[in-house]
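For reference, the structure is listed below as structure tokens.
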Amino acid sequence: MSDTSELQHTPLHALHLELGARMVPFAGYSMPVQYPMGLMQEHLHTRQAAGLFDVSHMGQLRLVGEDAAAALETLMPVDVVDLGVNKQRYGLLLNDEGGIIDDLMFVNRNMDNGGDIFVIVNGACKHGDLAHIQATIGSLCHVSAQFDRALLALQGPQAVTALQRILPGVEKLVFMTGAAFEWAGGDLYVTRSGYTGEDGFEISLPADIATDFARALLAQPEVKPVGLGARNSLRLEAGLCLYGQDIDTTTTPVQAALNWAIQKVRRTGGARAGGFPGAERVLAQLDGTDPLLKKRVGLIALERIPVREHVELQSVDGTVIGEVTSGLLGPNIDKPVAMGYLSPEHAVIGTRVNAMVRGKAVPMEVSAMPFVPNRYHRG
């Protein structure tokens, strides 16, 4: 992937170059990792004001048909059928062992009245996800990709102030809800959501108006462009998983401490319990009849030494008990923070462990997440 000529470009590629972005390969695309302001300042600006992210590499899908919700529910341990109109939910595609194929967001855009289920999947997984969904439920509903549409994220406490000048009425949305808007003759779908722990919005829009829309946002005094580097540090401070790093096909939702994403109706005793791939294992892990061998935890280093992914975790007596999956110096918490997997007996908050960084033991403590309080606008 080092040959950038083979990489795909998002609709905002020329704007990134104009803004002085440092571009890197990511999920098959040339993407901005940071702008001249730098990762640290971009991160802090997002927490204080509003940051604009290009996430057009992500995959946008539509599921259409009266059986679409019931069909999608057969692929995930999540309540799809009862989701209200213009409500959004986090979901997990699972394999037959209960491992996570991808994590995603989906919205009921009035599917019962000729609308659709709008799904956003991770960029590196989108072609595989599309093939998987089409192969498994393509006969039950119409599955179509909208990989040509752009996707922008505007995140931070002042995101609503900036966006409502351009899209009046957007301020009425609350966390995990969405609505359709029109701008410059193009159809937009906006959700009040994101992956930074802050209030914010994700905006799906046609590629041909994406650059003009981004320029309109960047003209607002609150808004600065933010790259993938700060997106990563923001999501880690917020305790949010990165697919391919913190979760993958070898981790189940319960091991990943994503139990909250499995609604009661899909659990043992629920009206639509099970009926998803790996259900037997996942439900047994949930009720404790299949004990966990590992569990995702938050970690804070007790020395000012950043601890990165793939670093071995040991108990204080030197036994290997896990591994770090994400780690960096948290700009807001101003301490090295990490996520990783530990054996359950060591996964208790307050437990001391050692991260082995280049042969040196860095003491860490198991911590609650998020590391920085979430500030979602719930109304």
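Heads up: numbering here begins at 1 and tracks the sequence. No experiment lies behind these values; they were computed from the predicted model shown. Heavy-atom basis, side chains included; hydrogens, waters and symmetry copies ignored.
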Flag side-chain contact, heavy atom, 4.5 Å: Arg352 against Leu302: yes
Cluster link Leu75 to Phe106, ILVMFWY, side chain under 4.5 Å: yes
Could you list the donor-acceptor pairs under 3.5 angstrom formed by side chains in residues 126-134, with sequence neighbours left out?
unit_1, atom_1, unit_2, atom_2, d
Lys126, NZ, Tyr29, OH, 2.8
Lys126, NZ, His57, O, 3.1
Gln134, NE2, Val143, O, 3.4

Flag if over 12 foreign heavy atoms under 6.0 Å of CD, Glu280: no
Derivation of the side-chain contact (heavy atoms from CB on, under 4.5 Å) call for Ile203 and Leu163: CA-CA 10 Å; Ile203 304 132; Leu163 188 58; 4.3 Å; yes
Leu61 side, atom CG; Phe147 side, atom CZ - distance, nearest 0.5 Å: 5.0 Å
Donor-acceptor contact below 3.5 Å, side chain Arg378 vs main chain Phe175: no
Separation of Phe371 CZ from Leu236 CG (nearest 0.5 Å): 6.0 Å
Hydrophobic cluster identity match, Leu154 and Phe53, side-chain contacts under 4.5 Å: no
Residue pair Met76 / Val80: nearest heavy atoms and the distance that separates them: CE-CG2, 3.9 Å
Residue that, paired with Glu198, satisfies side chain to side chain donor-acceptor pair (under 3.5 Å) out of His377, Gln155, Arg375: Arg375
Salt bridge (Lys or Arg N to Asp or Glu O under 4.0 Å) assessment of Arg231 paired with Asp54: CA-CA 10 Å; Arg231 182 172 164 81; Asp54 179 11; over 6 Å; no
Met176 versus Ser193, closest heavy-atom pair with distance: SD-CB, 4.1 Å
Minimum side-chain heavy-atom gap Leu328-Arg308 below 4.5 Å: yes
Derivation and outcome, side-chain contact (heavy atoms from CB on, under 4.5 Å), residues Met111 and Asp116: CA-CA 4 Å; Met111 58 189 168; Asp116 61 14; 5.8 Å; no
Lys NZ or Arg CZ of Arg266 over Phe276 ring: under 6.0 Å, within 45°: no
Lys/Arg-Asp/Glu bridge criterion (N-O < 4.0 Å) met for Asp246, Arg296: no
Whether Thr351 side chain and Ala347 backbone form a donor-acceptor pair below 3.5 Å: no
Test item: Arg192 side-chain N/O and Leu173 main-chain N/O as donor-acceptor pair under 3.5 Å: yes
Heavy-atom closest contact (Leu152 atom, Phe213 atom, distance): CD1-CD2, 3.8 Å
Ser56 side chain to Leu151 backbone, donor-acceptor under 3.5 Å: yes
Sub-4.5 Å side-chain heavy-atom contact between Pro277 and Asn95: no
Exceeds 12 heavy-atom contacts within 6.0 angstrom, atom CD of Glu171: yes
Gln285 side-chain N/O to Thr252 backbone N/O, donor-acceptor pair under 3.5 Å: no
Check: Val81 and Val265 side chains under 4.5 Å, non-hydrogen atoms: no
Check against side chain to side chain donor-acceptor pair (under 3.5 Å), Ser204 and Gln60: CA-CA 8 Å; Ser204 167; Gln60 302 179 56; 2.5 Å; yes
side-chain contact (heavy atoms from CB on, under 4.5 Å) assessment of Leu17 paired with Met23: CA-CA 8 Å; Leu17 299 180; Met23 307 299 285; 3.7 Å; yes
For the student: nearest non-hydrogen atoms of Pro206 and Asp187, plus distance: CD-O, 3.3 Å
From CZ (Arg358) to CD1 (Ile305), nearest 0.5 Å: 8.5 Å
Any Ile333 side-chain heavy atom under 4.5 Å of Ile300 side chain: yes
Backbone of Thr319 reached by a side-chain donor or acceptor of Asp317 within 3.5 Å: yes
Arg235-Ser326 side chain donor-acceptor pair, cut-off 3.5 Å: yes
Same apolar cluster (I L V M F W Y, side chains within < 4.5 Å links), Ile321/Tyr341: no
Hydrophobic cluster identity match, Phe181 and Trp183, side-chain contacts under 4.5 Å: yes
Spacing of Leu283 atom CG and Ile262 atom CD1 [to the nearest 0.5 Å]: 7.0 Å
Short side-chain to backbone donor-acceptor contact, Asp79 and Gln263, under 3.5 Å: no
Flag if over 12 foreign heavy atoms under 6.0 Å of NZ, Lys294: yes
Spacing of CG belonging to Leu205 relative to CG belonging to Leu188, to within rounding of 0.5 Å: 5.0 Å
Side-chain (Asp287) to main-chain (Thr289) donor-acceptor, under 3.5 angstrom: yes
Close side-chain approach of Met58 and Met105, heavy atoms under 4.5 Å: no
Test item: Tyr243 side-chain N/O and Ile100 main-chain N/O as donor-acceptor pair under 3.5 Å: yes
Side-chain heavy-atom pair Thr10, His16 within 4.5 angstrom cut-off: yes
Separation between OG1 of Thr161 and CD of Gln220, rounded to the nearest 0.5 Å: 10.0 Å
Under 3.5 Å: donor-acceptor pair, side chain of Asp199, backbone of Ala159: no
For the student: nearest non-hydrogen atoms of Leu234 and Arg47, plus distance: O-NH2, 3.1 Å
Verify same cluster id: Leu12, Val223 (apolar side-chain graph, 4.5 Å): yes
Flag side-chain contact, heavy atom, 4.5 Å: Gln158 against Pro221: no
Salt-bridge contact Lys335-Glu365 (side-chain N to carboxylate O under 4.0 Å): no
Evaluation steps, side-chain contact (heavy atoms from CB on, under 4.5 Å), between Asn108 and Lys87: CA-CA 6 Å; Asn108 170 9; Lys87 295 285 198 304; 5.7 Å; no
Ionic contact status for Asp334 with Arg304, cut-off 4.0 Å: yes
Closest non-hydrogen atom pair, Tyr189 against Gly178: OH-C, 3.3 Å
